[in-house]
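Encoded as structure tokens, the structure appears first; notes follow it.
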Amino acid sequence: MSLAFVTPFSDYRVGSLRNTFRRLGFPVIANKSCITVRCSLTTIELMQKLKEEFNDSMETAIVHTPSNLCVIDTLQRLGLDQYFQSEIDTILESTNMLWQQKHKITFSNVNTHAMAFRLLRVKGYEVSSEELAPYDNQDCVSQQRVDVAMVIELYRAAHERIYEEESSLENILAWTTNFLNHQLHSNSIPDKKLHKLVELYLNNYHGIPIRLGVRRNLDLYDMSNYQALGGKNRFSNICNEDFIALAMQDFTICQAQYHKELQQLQRWYADCRLDTLKFGRQVVFISYFLASLLISDCASAHARLAFTKTTVLVTLIDDFFDYGGSRQECYNILELVKEWKDKAGAEYASKDVEILFTALYNTVNELGVMAGVEEGRSIKELIVGLWVEVVSPFMIELDTWSDDVQLSLNEYMSTSWLSISGRIVVLVSLPFIGVKLSDKMLMSEECTDLSRHVSIIIRLVNDVCSFEKERKENKGNNCMSILLADGRGISEEEAIAEIKEIVEYHRRKLMQIVYKKGTILPRRCKDIFMETCKAASYVYTSSDEFTNPQQLKEDMKSFLGL
């Protein structure tokens with residue numbers, strides 16, 4: 001029997017997808033409007049077989065712990081874990097019990113040990129990193145066969161450091177990074193897929209949003225890399241093609257949905273007359289791409305649209321404050337947002353102000369109505385308050401820059417974490433993800449802390465990337481320029497190192513909140529903050545990919561099927 005799925009596509013997408021499937025080694029049947037991929041199991045058979053295999057007695061589950069963890073990791077890397085959440089929860093609950101008992105099944109193998117730590121910590125279990133202390137330098141594991149697959153597991157586990165004092169994870173990260181770099185640069189990884197996976201991880205591990213990782217794993221995944229885990233492999237009768245084909249089916253169904261939403265956004269952009277503006281970055285596609293990375297499931301269309309529209313509007317208004325409008329026009333926009341009333345054309349400072357505010361006014365009102373349907377209450381007042389919170393710092397920054405006022409880093413960060421707009425784009429999206437959220441939850445200290453940590457990270461990595469551009473434009477208020485001008489005489493390299501330390505501090509604080517169980521916000525909401533942080537690291541790795549997309553453009557084509 002075979003897993004076969006047929007998905008309608010426009011002509012130009014069929015060729016691209018055909019090549020993708022052939023590159024993966026699948027037999028493909030393609031015609032003008034559809035593609036069929038065949039593998040050894042039907043979708044239902046594969047899902048049922050996995051569920052049956054997971055349904056063990058405790059004694060059997062203990063024996064199969066290594067292969068259970070491998071399959072959980074596989075499902076997560078291929079974006080299929082959403083269909084097996086109850087089974088995954090059951091396995092991790094039993095794995096945590098074994099971990100706390102120091103059962104030999106979780107401690108006798110480096111790979112299993114590291115993978116168990118990572119999966120349990122991310123799920124919110126209290127697992128001590130000191131259990132990995134025996135591996136905090138390469139000599140400690142030299143008695144076992146040190147191979148790339150083993151080191152990758154330790155490398156991934158080390159990235160789950162959430163406390164400053166976790167020196168074991170810091171040491172593991174240092175030596176595994178050096179080991180993998182050496183293997184990479186000496187061409188010592190003959191497996192091409194594994195070589196590219198190591199490249200991906202070393203390039204920017206924290207900058208791989210889950211859904212982007214899924215897309216890349218469709219090309220790079222190879223279950224044979226798990227052979228080093230040892231033990232009985234209960235899933236030996238399920239091959240790469242079965243997993244990948246199911247993942248590709250899920251992925252292509254989402255792509256069809258994404259295309260419909262992009263068409264809606266293009267109509268919205270034109271209806272709002274934003275296409276008539278002579279200034280500003282054109283970021284509809286980029287903003288939607290980021291939205292689809294953070295909120296990927298087909299059922300959350302309204303959340304992606306809210307995220308994208310908010311990002312587009314905040315970018316255009318930011319550009320208007322930066323260079324598109326006069327100081328008077330910018331003050332006019334702030335006053336309009338605070339007053340929040342539709343006006344006659346003659347009452348706006350300019351045509352550009354009218355277009356921007358009218359687009360903002362109508363879009364926010366529309367989102368308020370949509371949220372009212374989904375949430376059963378109005379959140380328009382909340383959204384308007386968030387917009388005042390964003391535009392006010394825009395004005396402060398404009399006044400500071402125009403009047404050549406030099407700020408301290410603390411003064412700068414007190415408002416710039418809001419002007420980077422991470423808080424508003426996430427909070428406007430959350431009411432549309434299918435989770436009931438009260439105003440109390442959205443305005444809670446926990447939600448504010450999540451917003452602040454994410455926004456500070458976005459601000460800092462953005463500032464590092466935009467420093468040279470802003471220096472040429474004589475805009476002094478940037479964390480880099482502030483550190484270089486504070487009288488200590490530090491170099492640019494030292495300033496960047498300081499900023500990276502601050503970023504890592506806030507990343508750890510963010511992870512502590514996201515991973516903690518029993519907090520006011522559901523985990524699904526907290527995960528969107530975490531994915532936003534990854535997206536920021538992805539966009540601002542070494543250059544401003546949001547403003548001048550290079551790698552992002554290629555990833556966007558691949559992800560959205562454009």
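For the numbers below, each heavy atom of this structure counts, side chains included, while hydrogens, waters and symmetry mates do not.
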Any side-chain to backbone donor/acceptor pair from Ser94 onto Ile91? Under 3.5 Å, distance only. yes
Under 4.0 Å between a Lys/Arg side-chain N and an Asp/Glu carboxylate O for Asp81 and Arg77? no
Quick check on side chain to side chain contact (heavy atoms under 4.5 Å, CB included): which of Ile208, Leu552, Val461 does Tyr538 satisfy it with? Leu552
Between Leu521 and Leu437, is the side-chain contact (heavy atoms from CB on, under 4.5 Å) condition met? List the steps. CA-CA 8 Å; Leu521 284 178; Leu437 298 170; 4.3 Å; yes
I'd like to know if the side chain of Gln100 and the backbone of Glu126 have a donor-acceptor N/O pair within less than 3.5 Å. yes
Rounded to the nearest 0.5 angstrom, the CG-CG distance for Leu313 and Leu274 is 6.0 Å
Could you tell me if the side chain of Thr95 sits less than 4.5 Å from the side chain of Leu119, heavy atoms only? no
Answer yes when Arg118 and Glu153 have at least one side-chain N-carboxylate O distance shorter than 4.0 Å, and no when they do not. yes
Establish, yes or no, whether a centroid distance under 6.0 Å links the rings of Phe251 and Phe559. yes
N-O pairing of Asp449 and Arg452 below 4.0 Å: yes
Side-chain heavy-atom pair Val337, Val390 within 4.5 angstrom cut-off: no
Give a yes-or-no answer on whether the side chains of Glu366 and Asn362 include a donor-acceptor pair shorter than 3.5 Å. no
Considering non-hydrogen atoms only, spot the tightest contact between Leu294 and Ala535 and give its length. CD2-CB, 3.8 Å
What verdict does the side-chain contact (heavy atoms from CB on, under 4.5 Å) test give for Arg211 and Cys254, after you've listed the backbone C-alpha separation in whole Å, the side-chain angles of each residue and the deciding distance to 0.1 Å? CA-CA 11 Å; Arg211 201 61 180 170; Cys254 289; 3.8 Å; yes
Leu132 side, atom CG; Arg161 side, atom CZ - distance, nearest 0.5 Å: 13.5 Å
Between atom CG of Leu460 and atom CD1 of Ile502, what is the distance when rounded to the nearest 0.5 Å? 6.0 Å
Restricting to non-hydrogen atoms, name the atom on Ile520 and the atom on Lys440 that form the minimum distance, rounded to 0.1 Å. CD1-O, 4.4 Å
Do the side chains of Asp297 and Arg524 get nearer than 4.5 Å, heavy atoms only? yes
Which atom names give the shortest non-hydrogen contact between Lys526 and Ile513, and what distance separates them? NZ-O, 2.9 Å
Are any of the side-chain nitrogens in Arg508 or Glu166 under 4.0 Å away from the carboxylate oxygens of its partner? no
Out of curiosity, Gln255 CD to Cys298 SG, how far, rounded to the nearest 0.5 Å? 10.5 Å
For the side chain of Arg215 and the backbone of Asn217, is there at least one donor-acceptor N/O pair under 3.5 Å apart? no
Give the C-alpha distance, both sets of side-chain angles, the deciding distance and a yes or no for side-chain contact (heavy atoms from CB on, under 4.5 Å) between Lys309 and Trp268. CA-CA 9 Å; Lys309 291 176 181 179; Trp268 163 80; 3.7 Å; yes
Basic-acidic side-chain contact under 4.0 Å: Arg216, Asp555: yes
Would you confirm whether Gln257, through its side chain, and Ala301, through its main-chain N or O, come within 3.5 Å as a donor-acceptor pair? no
Please determine which of Met511, Arg507, His206 meets the side chain to side chain contact (heavy atoms under 4.5 Å, CB included) test together with His159. His206
Evaluate ring-ring contact (aromatic ring centres under 6.0 Å, His included) for His113 paired with Phe117, printing each intermediate quantity in order. CA-CA 6 Å; His113 199 174; Phe117 170 81; 8.3 Å; no
Can you confirm whether Lys436 is buried at NZ, in the sense that more than 12 heavy atoms of other residues, nucleotides or ligands lie under 6.0 Å from that atom? yes
Check whether Ser444 reaches the backbone of Cys447 with its side chain - one donor and one acceptor, N or O, closer than 3.5 Å. yes
Taking all heavy atoms of Ile433 and all of Cys525, pick out the closest pair and write down the distance. CD1-SG, 3.8 Å
Mind checking the CD1-CG spacing from Ile295 to Asp527? Nearest 0.5 Å is all I need. 11.5 Å
Answer yes or no: does atom CD of Glu339 have more than 12 heavy-atom neighbours from other residues, nucleotides or ligands under 6.0 Å? yes
Determine whether more than 12 heavy atoms belonging to other residues, nucleotides or ligands lie under 6.0 Å from atom CD of Gln266. yes
Donor-acceptor pair, distance only, cut-off 3.5 Å: does the side chain of Arg459 make one with the backbone of Ser416? yes
Could you give me the CA-CA distance, side-chain angles and deciding distance for Leu382 and Val428, then say whether side-chain contact (heavy atoms from CB on, under 4.5 Å) is met? CA-CA 9 Å; Leu382 171 66; Val428 170; over 6 Å; no
May I ask you to decide if Tyr361's main-chain N or O and Asn365's side chain share a donor-acceptor pair within less than 3.5 Å? yes
4.5 Å side-chain heavy-atom contact, Arg156 and Tyr205: yes
Does Asn204 use its side chain to pair, donor to acceptor, with the backbone of Thr541 at less than 3.5 Å? no
Side-chain donor/acceptor of Gln512 to backbone N/O of Ile162, under 3.5 Å: yes
I'd like to check Phe546 versus Leu290 (side-chain heavy atoms, cut-off strictly below 4.5 Å). Are they in contact? yes
Examine Lys517 relative to Tyr125 and say whether NZ or CZ is less than 6.0 Å from the centre of the six-membered ring and inside a 45° cone about the ring axis. yes
So, do Phe307 and Ser300 sit near enough that their side-chain heavy atoms are less than 4.5 Å apart? no
I'd like to know if Asp322 pairs up with Arg281 as an ion pair, taking the criterion as any Lys NZ or Arg NE/NH1/NH2 lying under 4.0 Å from an Asp or Glu carboxylate oxygen. no
For the residue pair Tyr269 and Gln282, confirm or rule out a side-chain donor-acceptor distance under 3.5 Å. yes
Is any side-chain heavy atom of Leu430 closer than 4.5 Å to a side-chain heavy atom of Phe529? yes
Nearest 0.5 Å please: distance from the CG atom of Leu75 over to the CD atom of Gln85. 9.5 Å
Shortest non-hydrogen contact between Ala291 and Thr308, atoms and distance: CB-OG1, 3.5 Å
A side-chain contact here means heavy atoms from C-beta on lying under 4.5 Å apart; do Phe289 and Leu262 qualify? no
For the student: nearest non-hydrogen atoms of Tyr201 and Tyr155, plus distance: O-OH, 3.2 Å
Indicate, with yes or no, if the rings of His453 and Trp417 have centres closer together than 6.0 Å. no
Would you check if the side chain of Arg121 reaches a backbone N or O of Glu160 as a donor-acceptor pair within less than 3.5 Å? yes
Taking Lys338 first and then Glu335, would you say they form a salt bridge - that is, a charged N and a carboxylate O separated by under 4.0 Å? no
